[in-house]
*Asks:* 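Following this message is one structure expressed as structure tokens.
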Amino acid sequence: MAPKSKEKAKPSSSSPSHAPAAIEDLFSSINRHIQRSEYELAVKVADQVLAIDPGDEDALRCKIVALIKADDIDRALSTIQASEKAKRPIDFGFFKAYCLYRQNKLEEALDSLKSQERNSTTMLLESQILYRLGRMDACMDVYQKLQKFKIESLEINIVAGLILAGRSSEVQSTMDALRVKATSSFELAYNTACSLIEKKQYTEAEHYLLSARRIGQETLMEDNWADDEIEIELAPISVQLAYVRQLLGHTQEAIESYTDIVNRNLADDSSLAVAINNLIALKGPKDASDGLRKLDRLIEKGSDGQSFQLARGQDLKLSSKQREAIYTNRVLLLLHANRLDQARELVAALPGMFPDSVMPMLLQAAVFVRENKAGKAEEILGQFAARFPEKSKVALLARAQVAAAASHPQIAAESLARIPDIQHMPATVATLVTLKMRDGDIDGAAAVLDSAINWWSNAMGEDNKLNIIMHEAASFKLKNGREEEAASLYEELVKSHQSVEALVGLVTTAAKVDVEKAEAYEKQLKPLAGLKGVDVESLEKTSGATRVEGGGRVVNVEAYEEAKGKVKSKKKRKRKPKYPKGFDPANPGPPPDPERWLPKRERSSYRPKRKDKRAAAQVRGSQGAVMREKHEASAANTNSNISNSKSSQPAAASSKGSSHNMNSEQSKPSSSKSSRKKSRNN
């Protein structure tokens, strides 16, 4: 800024005579500080000028600009507001709009610009505000008007605006009209790759991203950027490249790229946030605690009344869609980690952050399901669908899923029935029929099929599903005892589509209700090859069919036997015998033993082992058998003694003696070591 002269300034009675010269020196100092990017010092000098002359417009303007350059947006805005309260005739509307834009007060910033002149500067700021608000159609209108000013690098913003407006298909034609190439700058190559991603042309997008990284490295190295600064500047390209590889199915490579970006921390805040979010989405709920720790680098508790907010001002740098994805992943990780209190707290804050999105309501329903309150989830989803009909499709699908999982088929079917644009789709029809059957409503299931048939009958298009729906409807009605309706559907299919499968179904079904019709349509069936030679009556009298060669095909039996006899027996191929290694067939040596494969005891040379005679003396038999025999023998001797001397008293003693001998013999088999030692001594 050039030094300001104060030729017209006149010293007041309270000011010294050298005040104009002092102000000129102060303005020279302000200019010097601004040239050196010493904005804080420039603010202090501007305050000195304002202390001398509070109404100096240039000093006030220098102070506001220096505060904005120093990123002290709050002080700059308060200075502007103080000037407005003082009712000074100075218009700082543009600077106020910019400060409000930096504070993310976008609607207020847009209102502040309305009173400004429509020049290139104000229109550029307006386009940025509209871009941040997501009003891409209005933003593109401003960009179209800006083209007449020939602003440098405007094509980069135009391409970015087209992508966010969902008009990626217009990117190439717009660049052709602007006469720019995608590889003219790394920013334009990057934006072109983003448009290709939106069109799902991932391989081409990867090619442009690699070109963008190469061009960016060359450009920034020529400008003498440091290596770390270059990597931070090109971080969005690295993150987008990892995302493309993720979409191409190279999951492990994408995980490694995201991990490297996160661990090295050489990326701007928004790129780091996207890398962390995508890494968590790839890994899923495998390690919820680790995912939450990574998100803690981005999310912290706020002090402005909200429960949570993104750290380091990322709510200003990330788009609404990106911020919503980060918060959504955090809620899901909290649910997987069973931290229901934290999940409930965060979900309660999300409707205020994203009032136009259905995701907060879906997450709230997920929390209720996790708490085993499926009925509450169904209730809030139904209320949301009734309150916002234009957003009801996702809510009703979620309600149907929750109800089906909770064994509430009636609520699930009612939710699906409220989505008119998918009623006729085969998947929806099949789901509705299944839910109706689970609820025991056979008539309702049949009505769903009839309605689908009616819709497809009137539909015009190549991809008509009437054939599929009618087949399923006929099969359903046949299973549920509605043979006449099933036969009518099969007959219509035969007449309209000439379906052999429908003809078979018609004959089978009509045989139960109208035999004459079945016989009439049976004649249209093509006869099977070889069936004429089969006597059906004699075949019915047999015990059953036997399997023959031919894989179960129906063939003419006589022709089969005749053909079988004509088949010549295949000649066996003679092969040379294979001999062991080192064997000479000319000198085979002695022949092998012919009994070599017989068991040993069956061979002629087998001789059994000699029996041990002492083994015969050993007692064989069950335990206790010997004792019983000895006991019986001693009892017999006692009886004989009693019979010989009935009146003799010593006989009793004799019997006692024999009894004593029996006991001693009984104890012999279990003699102790001491008894064996005594016997050895004897």
*Asks:* In Å and rounded to the nearest 0.5 Å, what is the CG to CD distance from N277 to Q322?
*Replies:*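 One gets 9.0 Å once the value is rounded to the nearest 0.5 Å.
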*Asks:* Assess whether side-chain contact (heavy atoms from CB on, under 4.5 Å) is satisfied between L350 and Q364, documenting all intermediate values.
*Replies:* CA-CA 9 Å; L350 290 182; Q364 188 174 357; over 6 Å; no
*Asks:* Within the structure provided, determine whether K391 and F384 are in side-chain contact (heavy-atom separation under 4.5 Å).
*Replies:*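 In short, these two side chains touch, coming nearer than 4.5 Å.
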*Asks:* Walk me through it: do L397 and L416 pass the test side-chain contact (heavy atoms from CB on, under 4.5 Å)?
*Replies:* CA-CA 7 Å; L397 286 172; L416 288 177; 3.9 Å; yes
*Asks:* Any heavy-atom pair between the side chains of L178 and Q147 that's under 4.5 Å?
*Replies:*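 In short, these two side chains touch, coming nearer than 4.5 Å.
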*Asks:* Check whether any side-chain heavy atom of L449 lies under 4.5 Å from a side-chain heavy atom of K477, and answer yes or no.
*Replies:*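 Sidechains of K477 and L449: no contact.
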*Asks:* Locate the shortest heavy-atom distance separating P360 from V347; write the atom from each residue and the value.
*Replies:*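 Heavy atoms only, the tightest pair is O-CG1, 4.2 Å.
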*Asks:* Can you name the side-chain hydrogen bond (donor to acceptor under 3.5 Å, both in side chains) partners of Y258, sequence neighbours left out?
*Replies:* Q246, N278
*Asks:* Taking only residues two or more places apart in sequence or in another chain, which ones pass side-chain contact (heavy atoms from CB on, under 4.5 Å) with H207?
*Replies:* S211
*Asks:* Would one find more than 12 heavy atoms of other residues, nucleotides or ligands at under 6.0 Å from atom CD of E483?
*Replies:* yes
*Asks:* Under 3.5 Å, is there a donor-acceptor pair between the side chain of S488 and the main chain of E485?
*Replies:* no
*Asks:* Just say parallel, tilted or perpendicular for the rings of W455 and H424, cut-offs at 30° and 60°.
*Replies:* parallel
*Asks:* Just so I know, are the side chains of I237 and L210 near enough to count as touching, which here means a heavy-atom distance under 4.5 Å?
*Replies:*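 SC-SC contact between I237 and L210 ruled out.
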*Asks:* For the residue pair R399 and R418, establish whether any side-chain heavy-atom pair is separated by less than 4.5 Å.
*Replies:*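 Yes; the side chains approach each other to less than 4.5 Å.
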*Asks:* Using atom types as modelled, flag every donor-acceptor pair under 3.5 Å from a side chain in residues 133-143 to any protein atom, sequence neighbours excluded.
*Replies:*
{"from": "R135", "atom 1": "NH2", "to": "E107", "atom 2": "OE1", "distance (Å)": "3.3"}
{"from": "R135", "atom 1": "NH2", "to": "E107", "atom 2": "OE2", "distance (Å)": "2.4"}

*Asks:* Can you name the nearest heavy-atom pair linking A281 to N329, along with the distance?
*Replies:* CB-ND2, 4.4 Å
*Asks:* Go through the steps for K294 and D287 under the test salt bridge (charged side-chain N to carboxylate O under 4.0 Å, His left out), then give the verdict.
*Replies:* CA-CA 11 Å; K294 285 184 171 63; D287 193 351; over 6 Å; no
*Asks:* Minimum heavy-atom separation for L292 and R339, please, with both atom names.
*Replies:* CD1-NH1, 3.5 Å
*Asks:* Distance-only check: which donor-acceptor pairs under 3.5 Å involve side-chain atoms of residues 158-168, not counting sequence neighbours?
*Replies:*
{"from": "R167", "atom 1": "NE", "to": "E170", "atom 2": "OE1", "distance (Å)": "3.2"}
{"from": "R167", "atom 1": "NE", "to": "E170", "atom 2": "OE2", "distance (Å)": "3.2"}
{"from": "R167", "atom 1": "NH2", "to": "E170", "atom 2": "OE1", "distance (Å)": "3.0"}

*Asks:* Indicate the atoms forming the closest heavy-atom contact of A417 with Q423, along with that distance.
*Replies:* CA-NE2, 3.4 Å
*Asks:* Which atom pairs, donor and acceptor, lie under 3.5 Å between side-chain atoms of residues 404-412 and protein residues at least two apart or in another chain?
*Replies:*
{"from": "H408", "atom 1": "ND1", "to": "E378", "atom 2": "OE2", "distance (Å)": "2.9"}
{"from": "H408", "atom 1": "NE2", "to": "A406", "atom 2": "O", "distance (Å)": "3.4"}

*Asks:* Rounded to the nearest 0.5 Å, how far apart are CD of E379 and NZ of K373?
*Replies:* 12.0 Å
*Asks:* Using side-chain hydrogen bond (donor to acceptor under 3.5 Å, both in side chains) as the criterion, list what pairs up with S270, not counting sequence neighbours.
*Replies:* D268
*Asks:* Does Y243 have more than 12 heavy atoms from other residues, nucleotides or ligands lying within 6.0 Å of its OH?
*Replies:* no
*Asks:* Please give me the minimum heavy-atom distance between L489 and A474, naming the atom from each residue.
*Replies:* CD1-N, 3.6 Å
*Asks:* Output all residues satisfying side-chain contact (heavy atoms from CB on, under 4.5 Å) with S451, sequence neighbours left out; order by chain, then residue number.
*Replies:* none
*Asks:* To the nearest 0.5 Å, tell me how far L396 CG sits from L381 CG.
*Replies:* 8.5 Å
*Asks:* Hey, can you pull the donor-acceptor pairs under 3.5 Å for the side chains in residues 429-448, sequence neighbours left out?
*Replies:*
{"from": "T431", "atom 1": "OG1", "to": "A427", "atom 2": "O", "distance (Å)": "2.8"}
{"from": "T434", "atom 1": "OG1", "to": "A430", "atom 2": "O", "distance (Å)": "2.8"}
{"from": "D441", "atom 1": "OD1", "to": "G444", "atom 2": "N", "distance (Å)": "2.9"}
{"from": "D443", "atom 1": "OD1", "to": "R482", "atom 2": "NH2", "distance (Å)": "2.4"}

*Asks:* In terms of side-chain geometry, is the basic nitrogen of E371 or R344 positioned less than 4.0 Å from the acidic oxygen of its partner?
*Replies:*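 Judged by the 4.0 Å cut-off on N to carboxylate O distance, E371 and R344 do form a salt bridge.
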*Asks:* Do N467 and H471 make a side-chain contact, defined as non-hydrogen atoms from C-beta onward lying under 4.5 Å apart?
*Replies:*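 Yes. Closest side-chain heavy atoms under 4.5 Å.
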*Asks:* Roughly how far, to the nearest 0.5 Å, is CD1 of I468 from CD1 of I453?
*Replies:*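 Between atom CD1 of I453 and atom CD1 of I468 there are 12.5 Å.
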*Asks:* Measuring only between side-chain heavy atoms, which start at C-beta, is R330 closer than 4.5 Å to L298?
*Replies:*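 When only atoms from C-beta onward are counted, L298 and R330 do not touch, as no gap falls below 4.5 Å.
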*Asks:* Assess the residue pair I261 and S238 against the criterion (side-chain contact (heavy atoms from CB on, under 4.5 Å)); give the C-alpha distance rounded to whole Å, side-chain angles, the decisive distance to 0.1 Å, and a yes or no.
*Replies:* CA-CA 8 Å; I261 293 168; S238 300; 4.1 Å; yes
*Asks:* By side-chain contact (heavy atoms from CB on, under 4.5 Å), which residues pair with V262, not counting sequence neighbours?
*Replies:*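 Once residues adjacent in sequence are excluded, the partners of V262 under the side-chain contact (heavy atoms from CB on, under 4.5 Å) criterion are L272, A275, I276, R297.
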*Asks:* Please name all residues satisfying side-chain hydrogen bond (donor to acceptor under 3.5 Å, both in side chains) with D356, sequence neighbours left out, ordered by chain then number.
*Replies:* none
*Asks:* How many angstroms lie between atom CD1 of I469 and atom CE of M425, to the nearest 0.5 angstrom?
*Replies:*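 Rounded to the nearest 0.5 Å, the CD1-CE separation comes out at 9.0 Å.
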*Asks:* Specify the closest pair of heavy atoms between V239 and S271, including all atoms of both residues, with the distance to one decimal.
*Replies:*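 Scanning both residues, the minimum pair turns out to be CG2-O, 3.7 Å.
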*Asks:* Just distance, no hydrogens or angles: give the donor-acceptor pairs under 3.5 Å from side chains in residues 189-204, sequence neighbours left out.
*Replies:*
{"from": "N191", "atom 1": "ND2", "to": "I156", "atom 2": "O", "distance (Å)": "3.1"}
{"from": "T192", "atom 1": "OG1", "to": "L188", "atom 2": "O", "distance (Å)": "2.7"}
{"from": "S195", "atom 1": "OG", "to": "T192", "atom 2": "O", "distance (Å)": "2.5"}

*Asks:* Below 4.5 Å, heavy atoms only, C-beta onward: do F354 and M359 meet side chain to side chain?
*Replies:*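 Contact flag for F354/M359 side chains = no.
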*Asks:* Mind checking side-chain hydrogen bond (donor to acceptor under 3.5 Å, both in side chains) for Q172 and listing every partner two or more places apart, or none if nothing turns up?
*Replies:*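 Partners of Q172 by the side-chain hydrogen bond (donor to acceptor under 3.5 Å, both in side chains) criterion, ordered by chain and then number, come out as D176.
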*Asks:* Could you tell me the separation between the NZ atom of K145 and the OG atom of S127, rounded to the nearest 0.5 Å?
*Replies:* 12.0 Å
*Asks:* Determine, stepwise, if the pair L318 / I326 fulfils side-chain contact (heavy atoms from CB on, under 4.5 Å).
*Replies:* CA-CA 10 Å; L318 294 171; I326 292 173; 3.7 Å; yes
